[in-house]
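Working notes, structure below.
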Amino acid sequence: EFAVEYLTEVLQHETQEAFLIALRHVIDAREESVSELAEEIGVTRQGLYKMLSEEGNPRLSTLNQLLKSLGMQMRIIGDEAA
C-alpha cells in the first residue's frame, strides 16, 4: 500500500526519470530478489536496472508486466481538477 501511494505521488508530481528510480527503490525494498523479478518478466537483472535508470525508456508492455509482477497495475483516470 505504501509503495502504491509512493509511486502514485512521484508519477503525478515528478519526472518520468524520477518515477523509474522510485520504482527501482520499491523493487529493491521487496523480499523477492531482483534477479527473480527480472527473470519473471523476461529480462536480465542488468537489463532491469538499466530500464529503471535515469536513462531508462521501458516499453509500455514491459512496464505493465513489471507492475503486474509487483501486484500493481497502471490506470488512467480523469483529472478531477478539470
Side-chain angles (χ1 to χ4, degrees):
E1 189 174 305
F2 174 79
V4 171
E5 290 179 26
Y6 170 56
L7 292 174
T8 300
E9 186 70 21
V10 172
L11 186 58
Q12 290 177 343
H13 300 287
E14 299 294 335
T15 63
Q16 174 182 319
E17 293 82 9
F19 174 75
L20 294 175
I21 291 169
L23 185 54
R24 187 176 70 208
H25 293 160
V26 168
I27 290 168
D28 286 340
R30 294 176 47 89
E31 290 182 16
E32 182 181 11
S33 79
V34 174
S35 295
E36 290 172 341
L37 183 60
E39 184 177 325
E40 188 175 328
I41 66 168
V43 298
T44 64
R45 184 175 69 73
Q46 295 84 0
L48 180 58
Y49 276 122
K50 183 178 179 181
M51 178 176 72
L52 299 176
S53 70
E54 288 184 13
E55 296 81 32
N57 190 17
R59 295 176 55 156
L60 183 58
S61 59
T62 306
L63 186 56
N64 279 330
Q65 191 174 14
L66 176 59
L67 290 172
K68 184 178 178 181
S69 294
L70 295 171
M72 301 177 196
Q73 63 179 333
M74 196 177 310
R75 297 178 72 188
I76 298 172
I77 57 172
D79 185 4
E80 297 173 1

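Since the model is a prediction, treat every value here as computed from it, not as a measurement.
Applying the side chain to side chain contact (heavy atoms under 4.5 Å, CB included) rule to R75 yields the partners Q73; only residues at least two apart in sequence or on another chain are considered.
The NE2 atom of H13 sits 13.5 Å away from atom CZ of F19, with the distance rounded to the nearest 0.5 Å. Here the straight-line distance linking atom CD1 of I27 with atom CG of L66 works out to 4.5 Å at 0.5 Å rounding. Here N57 contributes atom CG and L20 contributes atom CG; the two are 8.0 Å apart, rounded to the nearest 0.5 Å. Distance CE/M72 to CG/N64: 13.0 Å, rounded to 0.5 Å.
Residue L67 is grouped with residue F2 when hydrophobic side chains (ILVMFWY) are merged at heavy-atom distances under 4.5 angstrom, including chains of intermediate members. Follow the hydrophobic side-chain contacts under 4.5 Å out from L11 and you never reach I21; the two are in separate clusters.
Summarising the geometry of A22 relative to L7, their closest heavy-atom pair is C-CD2, 3.7 Å, with the distance given to 0.1 Å.
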Ignoring hydrogens and angles, write down the donor-acceptor pairs under 3.5 Å from the side chains of residues 37-54, residues two or more places apart or on other chains.
| from | atom 1 | to | atom 2 | distance (Å) |
| --- | --- | --- | --- | --- |
| E40 | OE2 | S69 | OG | 3.1 |
| T44 | OG1 | G47 | N | 2.8 |
| Y49 | OH | D28 | OD1 | 2.8 |
| S53 | OG | K50 | O | 2.8 |
| S53 | OG | E55 | N | 3.3 |
| S53 | OG | G56 | N | 3.3 |

